[in-house]
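All figures in this text were calculated on a predicted structure; none of them were measured in a lab. Hydrogens, waters and symmetry mates are skipped; everything else that's a heavy atom, side chains included, is used.
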Amino acid sequence: MTIHIGAKPGDIAETVLMPGDPYRAKWAAETFLEDATCINEVRGMLGFTGTWRGNRVTIHGSGMGMPSLSIYANELIRDYNAQTLIRIGSCGGMQRKVEVRDVILAMTASSLSTPSRGIFKELNFAPCADYGLLRAAADAAAAKGVATHVGGIYSSDVFYDERPDLNEQMTRHGILGVEMEAAELYNLAARHGRRALAVLTVSDHLLTGEALPSEDRERSFGDMVEIALEAAFA
Ligand code: HPA
């Protein structure tokens, strides 16, 4: 047990998928894993461990934003020995070529700041995905025929953004989408020598204002979970 995770030693698999929403962790575990059991519910942050095609997998919520993700990812890495951590979540599209329902594989994650800022001081560290996971996820997405984009994303500290000029610069520099967690996950994986990737579904669009209707969300999010699982065990 850690401060924020009630799981016993050994309850958590080496491969962990991390959606922001604890109820999405429950849905993904019930939909895609066999013999899924709940291994954490401290503060309502649900985690489940089961198997996928015979491989042990944990699906554990991260909460919203980098400080929350940082707590869970630190404990999963340092106390439970998680080796492969894949964020599965939603993002806002920032390019015309990126459409709602498309999948984004985050090669890099830019930010204004992350919880690791204090360590890096004046250094602008470039958080990036594990290349093996990234390549395997791109292959899995192509095999499924899912419209997929691979490139940089923006990990923001705010959902209710007061800096449209910053979004403009991100779009101008080819950033594909905005979410709120990946950069710190990549920082932690780099620090501890683990593999990380963010597989994101575009749920809304900053340029067009379009948003994924709730009835379409499950199908689109399902593709993302399968891509993450196939990449983890490729
Ligand atoms: N901003 C930040 N995070 C998000 C967004 C957004 O527009 N959409 C989904 N996650």
Side-chain angles (χ1 to χ4, degrees), residues 1-52 55-91 106 109 111 113-119 127 133 155-160 179-201 203 217-218 221-222 224-225 228-229 232:
M1 270 181 60
T2 59
I3 295 175
H4 304 96
I5 301 178
K8 295 191 293 297
D11 274 356
I12 289 181
E14 286 192 358
T15 298
V16 184
L17 268 49
M18 300 189 77
D21 177 356
Y23 285 106
R24 196 168 297 153
K26 183 173 193 286
W27 170 81
E30 287 170 352
T31 307
F32 295 99
L33 302 188
E34 282 167 26
D35 304 321
T37 54
C38 182
I39 48 82
N40 185 36
E41 45 189 342
V42 174
R43 291 177 182 244
M45 188 51 74
L46 304 175
F48 300 82
T49 297
T51 61
W52 179 80
N55 302 291
R56 266 185 108 224
V57 183
T58 295
I59 306 184
H60 194 290
S62 69
M64 291 179 282
M66 290 186 268
S68 176
L69 174 131
S70 177
I71 290 171
Y72 295 107
N74 260 297
E75 293 181 12
L76 289 165
I77 289 171
R78 289 157 28 144
D79 299 297
Y80 292 99
N81 200 30
Q83 297 293 325
T84 297
L85 299 98
I86 304 182
R87 163 160 160 70
I88 49 174
S90 58
C91 71
S111 66
S113 177
T114 70
S116 296
R117 181 77 245 167
I119 299 176
L133 283 178
S155 295
S156 175
D157 282 333
V158 287
F159 187 89
Y160 297 104
E179 51 83 83
M180 299 182 66
E181 293 82 14
E184 183 63 3
L185 180 64
Y186 289 3
N187 285 337
L188 291 170
R191 191 173 312 145
H192 296 283
R194 311 299 161 98
R195 306 195 303 164
L197 176 67
V199 181
L200 306 167
T201 301
S203 62
R217 283 182 182 236
E218 214 158 89
F221 291 144
M224 170 176 75
V225 179
L229 289 166

Original post:
Where is the tightest heavy-atom contact between Pro127 and Tyr186, given as atom of each residue plus distance?
Top reply: CB-CB, 3.6 Å
**OP:** Indicate the atoms forming the closest heavy-atom contact of Ala196 with Leu185, along with that distance.
**Re:** CB-CG, 4.0 Å
Subject >> Rounded distance [0.5 Å steps], CZ in Phe48 versus CD1 in Ile59 >> reply: 9.0 Å
Subject >> Contacts of type side-chain hydrogen bond (donor to acceptor under 3.5 Å, both in side chains), residue Asn81, not counting sequence neighbours >> reply: Gln83
**OP:** Sorted by first residue and then second, give each salt bridge (Lys or Arg N to Asp or Glu O under 4.0 Å) pair with at least one member in residues 17-28; sequence neighbours left out.
**Re:** Lys26-Glu30
Subject >> Test side-chain hydrogen bond (donor to acceptor under 3.5 Å, both in side chains) applied to Ser155 - qualifying residues, sequence neighbours left out >> reply: Glu179
Subject >> Note, Met66 side chain near Met180 side chain (heavy atom, < 4.5 Å) >> reply: no
Subject >> Non-neighbouring partners of Phe32 that pass ring-ring contact (aromatic ring centres under 6.0 Å, His included), sequence neighbours left out >> reply: Trp27
Original post:
Can you check whether Thr31 reaches Val225 side chain to side chain, under 4.5 Å on heavy atoms?
Top reply: no
Subject >> Met18 side chain near Leu85 side chain, heavy-atom distance below 4.5 Å >> reply: yes
Subject >> pair Leu33-Thr51: side-chain heavy atoms closer than 4.5 Å >> reply: no
Original post:
Under the side-chain hydrogen bond (donor to acceptor under 3.5 Å, both in side chains) test, which residues partner Thr58, sequence neighbours left out?
Top reply: Thr49
**OP:** Could you list the residues that satisfy side-chain hydrogen bond (donor to acceptor under 3.5 Å, both in side chains) with Ser70, not counting sequence neighbours?
**Re:** Asn74
Original post:
What residue pairs, at least two apart or across chains, pass salt bridge (Lys or Arg N to Asp or Glu O under 4.0 Å) with a residue in residues 182-196?
Top reply: none
Original post:
Among all residues two or more places apart in sequence or in another chain, which pass the side-chain contact (heavy atoms from CB on, under 4.5 Å) test with Met224?
Top reply: Ile88, Val199, Thr201, Phe221
**OP:** Step through the shown structure and confirm whether more than 12 heavy atoms of other residues, nucleotides or ligands are within 6.0 Å of CZ on Arg43.
**Re:** no
Subject >> Smallest separation among heavy atoms of Ala228 and Ile86, with atom names >> reply: O-CD1, 3.4 Å
**OP:** Please report the shortest heavy-atom distance between Arg87 and Gly20, naming the atom on each side.
**Re:** NH1-N, 4.0 Å
Please output the side-chain donor-acceptor pairs of residues 4-16 that fall under 3.5 Å, not counting sequence neighbours, one pair per line with the distance.
unit_1	atom_1	unit_2	atom_2	d
His4	ND1	Glu75	OE2	2.7
Asp11	OD2	Lys8	N	2.8

Original post:
Sequence neighbours excluded, which residues qualify as side-chain contact (heavy atoms from CB on, under 4.5 Å) partners of Pro22?
Top reply: Met45, Leu46
**OP:** Locate the shortest heavy-atom distance separating Ser62 from Ser68; write the atom from each residue and the value.
**Re:** O-OG, 2.7 Å
Original post:
What closest approach, in Å, do Glu181 and Gly65 show between heavy atoms, and which atom pair accounts for it?
Top reply: OE2-N, 2.7 Å
Original post:
If you measure only the distance, is there a donor-acceptor pair under 3.5 Å linking the side chains of Asn187 and Thr114?
Top reply: yes
Original post:
What pairs with Val158 under side-chain contact (heavy atoms from CB on, under 4.5 Å), at least two apart in sequence or on another chain?
Top reply: Ser156, Asp161
Subject >> Rounded distance (nearest 0.5 Å) linking atom CG of Leu76 with atom CD1 of Ile71 >> reply: 11.5 Å
Original post:
Taking C-beta and beyond as the side chain, do Asp157 and Ser113 meet within less than 4.5 Å on heavy atoms?
Top reply: yes
Subject >> Partner residues of Tyr72 under the ring-ring contact (aromatic ring centres under 6.0 Å, His included) criterion, sequence neighbours left out >> reply: His60
